Asks: 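The structure is given below, and queries will be raised subsequently.
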Amino acid sequence: QVQLVESGGGLVQAGDSLRLSCAASGRTFISYAMGWFRQAPGKEREFVAAVDRTGSNTPYAGSVKGRFTISRDNAKNTVYLQMSSLKPDDTALYYCAAASFGIAAMAQRYYDYWGQGTQVTVSS
């Protein structure tokens, strides 16, 4: 069992940066691939970024590539999402997820555990 707690969301202006954190419980954090997803009002939840167990593979959604960076600190059981050049379209509830499959997957079905989300609002 893994519990995930996101933090770092908030209200920012377009062009600003923000860093999200996701703290995981348990001693098996290193065995999980981690992902960030987001859901905007009235839209389906979508993939943002993922990182494999070692941090060597990090796929991104096309809409955030070059602006967002995912990373993990296995010593701290934490995964991060550094977001820069934020746009109003990035406004969403951001979720952290863990995949026991261990691969940095883009599909939600591979993720076993989910956090409650942290809200990011970008004003124009």
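What you see is a predicted model, and the numbers here were worked out from it, not measured in a lab.
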Asks: Taking all heavy atoms of Ala92 and all of Ala40, pick out the closest pair and write down the distance.
Replies: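 Ala92 and Ala40 have their closest heavy atoms at CB-N, 3.8 Å.
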Asks: List the atom of Ala14, the atom of Pro88, and the distance in Å for their closest heavy-atom pair.
Replies: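 Shortest heavy-atom contact: CB-CD, 4.1 Å.
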Asks: Would you indicate whether Glu46, at its atom CD, is surrounded by more than 12 heavy atoms from other residues, nucleotides or ligands within a distance under 6.0 Å?
Replies: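 Yes, enclosed.
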Asks: Side chains of Tyr32 and Val2: closer than 4.5 Å at any heavy-atom pair?
Replies: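 With C-beta onward as the side chain, the pair touches.
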Asks: Measure the CG-CG distance between Asp90 and Asp16 for me, rounded to the nearest 0.5 Å.
Replies: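 Going from the CG atom of Asp90 to the CG atom of Asp16 covers 11.5 Å.
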Asks: With side-chain contact (heavy atoms from CB on, under 4.5 Å) as the test, pick out the partner of Val64 among Asp89, Val48, Leu81.
Replies: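 Considering Asp89, Val48, Leu81, a side-chain contact (heavy atoms from CB on, under 4.5 Å) with Val64 is found only for Val48.
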Asks: OG/Ser124 to NZ/Lys87 distance, rounded to the nearest 0.5 angstrom?
Replies: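 Ser124 OG to Lys87 NZ: 14.0 Å, rounded to 0.5 Å.
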Asks: Do you reckon Tyr110 sits in the same ILVMFWY cluster as Met106, going by side-chain contacts under 4.5 Å, direct or chained?
Replies: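 Shared cluster, yes.
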Asks: So do Thr121 and Val12 actually touch side chain to side chain, heavy atoms under 4.5 Å?
Replies: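 Sidechains of Thr121 and Val12: no contact.
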Asks: Crowded around Gln116 CD? As in, over 12 foreign heavy atoms under 6.0 Å?
Replies: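 Atom CD in Gln116 is not crowded, with 12 or fewer foreign heavy atoms closer than 6.0 Å.
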Asks: Below 4.5 Å, heavy atoms only, C-beta onward: do Leu18 and Leu86 meet side chain to side chain?
Replies: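 In contact.
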Asks: For Tyr111, which of Phe47, Phe37, Trp36, Phe101 qualifies under ring pair (Phe, Tyr, Trp, His ring centres under 6.0 Å)?
Replies: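 For Tyr111, the ring pair (Phe, Tyr, Trp, His ring centres under 6.0 Å) check succeeds only for Phe37.
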Asks: Same hydrophobic cluster for Ile70 and Tyr113, using side-chain heavy-atom links shorter than 4.5 Å among ILVMFWY?
Replies: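 Result: yes, single cluster for both.
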Asks: Could you check if a side-chain atom of Tyr94 sits within less than 4.5 angstrom of a side-chain atom of Gln39, using non-hydrogen atoms only?
Replies: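 They are not in contact (no side-chain heavy atoms under 4.5 Å apart), so the answer is no.
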Asks: So Leu11 and Gln119, side chain to side chain contact (heavy atoms under 4.5 Å, CB included) or not? Walk me through it.
Replies: CA-CA 8 Å; Leu11 173 62; Gln119 178 68 39; over 6 Å; no
Asks: Within the structure provided, determine whether Ser17 and Met83 are in side-chain contact (heavy-atom separation under 4.5 Å).
Replies: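 No; the side chains remain at least 4.5 Å from each other.
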Asks: Starting at CD1 of Ile103, measure out to CZ of Arg53 and round the result to the nearest 0.5 Å.
Replies: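 Reported value, rounded in 0.5 Å steps: 6.5 Å.
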Asks: Could you state the interatomic distance from CG (Leu20) to CD (Gln82), rounded to the nearest 0.5 Å?
Replies: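 The CG atom of Leu20 sits 9.0 Å away from the CD atom of Gln82.
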Asks: Does NZ or CZ of Arg38 fall inside the cone over Tyr95's six-membered ring, less than 6.0 Å from its centre and within 45° of the axis?
Replies: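 No, Arg38 does not sit over the ring of Tyr95.
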Asks: Would you say the side chain of Ser7 lies within less than 4.5 Å of the side chain of Thr118, judging by non-hydrogen atoms?
Replies: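 A side-chain contact is absent here, since even the closest heavy-atom pair is not under 4.5 Å.
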Asks: Is any side-chain heavy atom of Tyr80 less than 4.5 Å from a side-chain heavy atom of Met34?
Replies: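 A side-chain contact under 4.5 Å is absent here.
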Asks: Do Thr78 side-chain atoms and Ala23 backbone N/O form a donor-acceptor pair below 3.5 Å?
Replies: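 Side chain of Thr78 to backbone of Ala23: no pair is present.
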Asks: Do side-chain atoms of Glu6 reach the backbone of Gly117 as a donor and acceptor pair under 3.5 angstrom?
Replies: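 Side chain of Glu6 to backbone of Gly117: a pair is present.
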Asks: Over all heavy atoms of both residues, which pair between Ser85 and Arg67 is shortest? Give the atoms and the distance, please.
Replies: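 Scanning both residues, the minimum pair turns out to be O-NH1, 2.9 Å.
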Asks: Would you please say whether a donor-acceptor pair under 3.5 Å links the side chains of Ser100 and Asp112?
Replies: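 Side-chain D/A pair, Ser100 to Asp112: present.
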Asks: I'd like to check Cys96 versus Val79 (side-chain heavy atoms, cut-off strictly below 4.5 Å). Are they in contact?
Replies: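 Counting from C-beta outward, Cys96 and Val79 do come under 4.5 Å.
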Asks: Looking at Phe29, I'd like to know if the NZ or CZ of Arg72 sits under 6.0 Å from its six-membered ring centre while staying within 45 degrees of the ring's axis.
Replies: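 Cation-pi check for Arg72 and Phe29: passes.
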